There are 2 protein chains.
Amino acid sequence: MATDLRMAIEVTEEACSPSLLEAPLGPDRADELARGFQALADPVRLRILSILAAAATGAACVCDLVGPLGRSQPTVSHHLKTLADAGLVHGTRRGKWVWYSLDRRRVAELQSALEI
Amino acid sequence: MATDLRMAIEVTEEACSPSLLEAPLGPDRADELARGFQALADPVRLRILSILAAAATGAACVCDLVGPLGRSQPTVSHHLKTLADAGLVHGTRRGKWVWYSLDRRRVAELQSALEI
DNA sequence: GGCTACTATCGACGTCGGTCGATGTATCGA
DNA sequence: TCGATACATCGACCGACGTCGATAGTAGCC
């Protein structure tokens, strides 16, 4: 949690190897990655990411997710918090609504971790 | 169209778009994918995959994993079963040992699911 | 058969996580 | 100011999961 990966925008390509299947992968980096994949380890959260990715405006508010997901509003908010903590989505308040958008860079980072 | 390189190899009955961030992603496929990512949502299992990927012979037995992982033999076996159930590794008995190897196609399948 | 080594399974424990109803907070409009 | 809407947080329930010691199963060796 102390190492905010989003802050590494300026530092384009980190020195360490992003692909985890190349090097022995130490416990610290394994923990960090596991947290990322854990955010993906739920069907509701995967569908949230899918909806956000397919959204025309690139964002969606909570009220637009409750119906399609078939979960209560607190549950959807809970999952959005999990995704936000993992850096996969970001929410910004616009009036009464909070618009959530996908962080494609963070998704790509996890994807590159599975590079072979 | 440029993202179908790996999936073109194994065209099973699910001919839908492999990238989950393109289509709305139904509940069934979300469940299937979540099971895959759940197998990756543990640091010990990620390190197991890393060790297998880095192994010179492409495989490793349980006794070779217990030491580096710092977990008991039952715990390592438990994680290997989880990975095997998710299709990420395969084990074959050779004498007293069971050699586990990485299923790179399955890893690539999960990776392509994060394609943007 | 008896012994040893390697692996899988079992049982138990504590923790974590998904879910919901109830409640709190923020914003807008009348 | 009051009510309505949108979202977050809380508390509780309950099943799932990581972990280990103990035990069972499997294979080679004497």
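As the structure is a computational prediction, the values presented were derived from the model and not from experiment. Just so we're on the same page: letters track the sequence lines, and every chain starts at 1. Values below: every heavy atom of this structure, side chains too, minus hydrogens, waters and symmetry copies.
- Atom CH2 of B/Trp97 and atom P of D/dG28 are 9 Å apart (whole Å).
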For residues 54-69 of chain A, dump all side-chain donor-acceptor pairs below 3.5 Å to protein atoms at least two apart in sequence or in another chain.
unit_1  : atom_1 : unit_2  : atom_2 : d
A/Thr57 : OG1    : A/Ala59 : N      : 3.4
A/Thr57 : OG1    : A/Ala59 : O      : 3.1

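- For B/Asp42 and C/dG17, the CG to P distance is 12 Å, given to the nearest whole Å.
- Inter-residue side-chain proximity for A/Val98 and A/Leu80 is flagged as unmet; no heavy-atom pair is nearer than 4.5 Å.
- Contact annotation: A/Tyr100 side-chain N/O to D/dA8 OP1/OP2 distance is under 4.0 Å.
- Contacts between residues 70-83 of chain B and DNA chain D, defined by a heavy-atom separation under 4.0 Å, are made by B/Arg71, B/Ser72, B/Pro74, B/Thr75, B/His78, B/His79.
- For the pair A/Phe37 and B/Leu40, the tightest heavy-atom approach, listed with the atom from each and the gap, is CB-O, 3.7 Å.
- Residues A/Tyr100 and A/Leu83 are not in side-chain contact: their nearest non-hydrogen atoms beyond the backbone lie 4.5 Å or more apart.
- In this structure, the CZ atom of A/Phe37 is 22 Å from the P atom of C/dC16, given to the nearest Å.
- Atom P of nucleotide D/dC7 and atom CH2 of A/Trp99 are separated by 9 Å, given to the nearest angstrom.
- Contacts of A/Pro43 classified as side chain to side chain contact (heavy atoms under 4.5 Å, CB included), with partners at least two apart in sequence or in another chain: B/Ala30, B/Asp31, B/Ala34.
- The two residues A/Arg45 and A/Gln38 come nearest to each other via the heavy atoms NH2-O, 3.2 Å.
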- Note on the structure: Protein heavy-atom contacts under 4.0 Å, written 5' to 3' over nucleotides 24-30 of chain C as B (base), S (sugar-phosphate only) or - (none), form the string ---BS--
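- Residue pairs meeting the salt bridge (charged side-chain N to carboxylate O under 4.0 Å, His left out) criterion with at least one member in residues 68-94 of chain B, sequence neighbours excluded, are B/Lys81-B/Asp85.
- Atom P of nucleotide C/dG17 and atom CG of A/Asp85 are separated by 11 Å, given to the nearest angstrom.
- Ranked by how close their nearest DNA chain C nucleotide is to the 5' end, A/Arg45 and B/Val98 are led by B/Val98.
- For the salt bridge (Lys or Arg N to Asp or Glu O under 4.0 Å) test, no residue two or more places apart in sequence or in another chain qualifies with B/Lys96.
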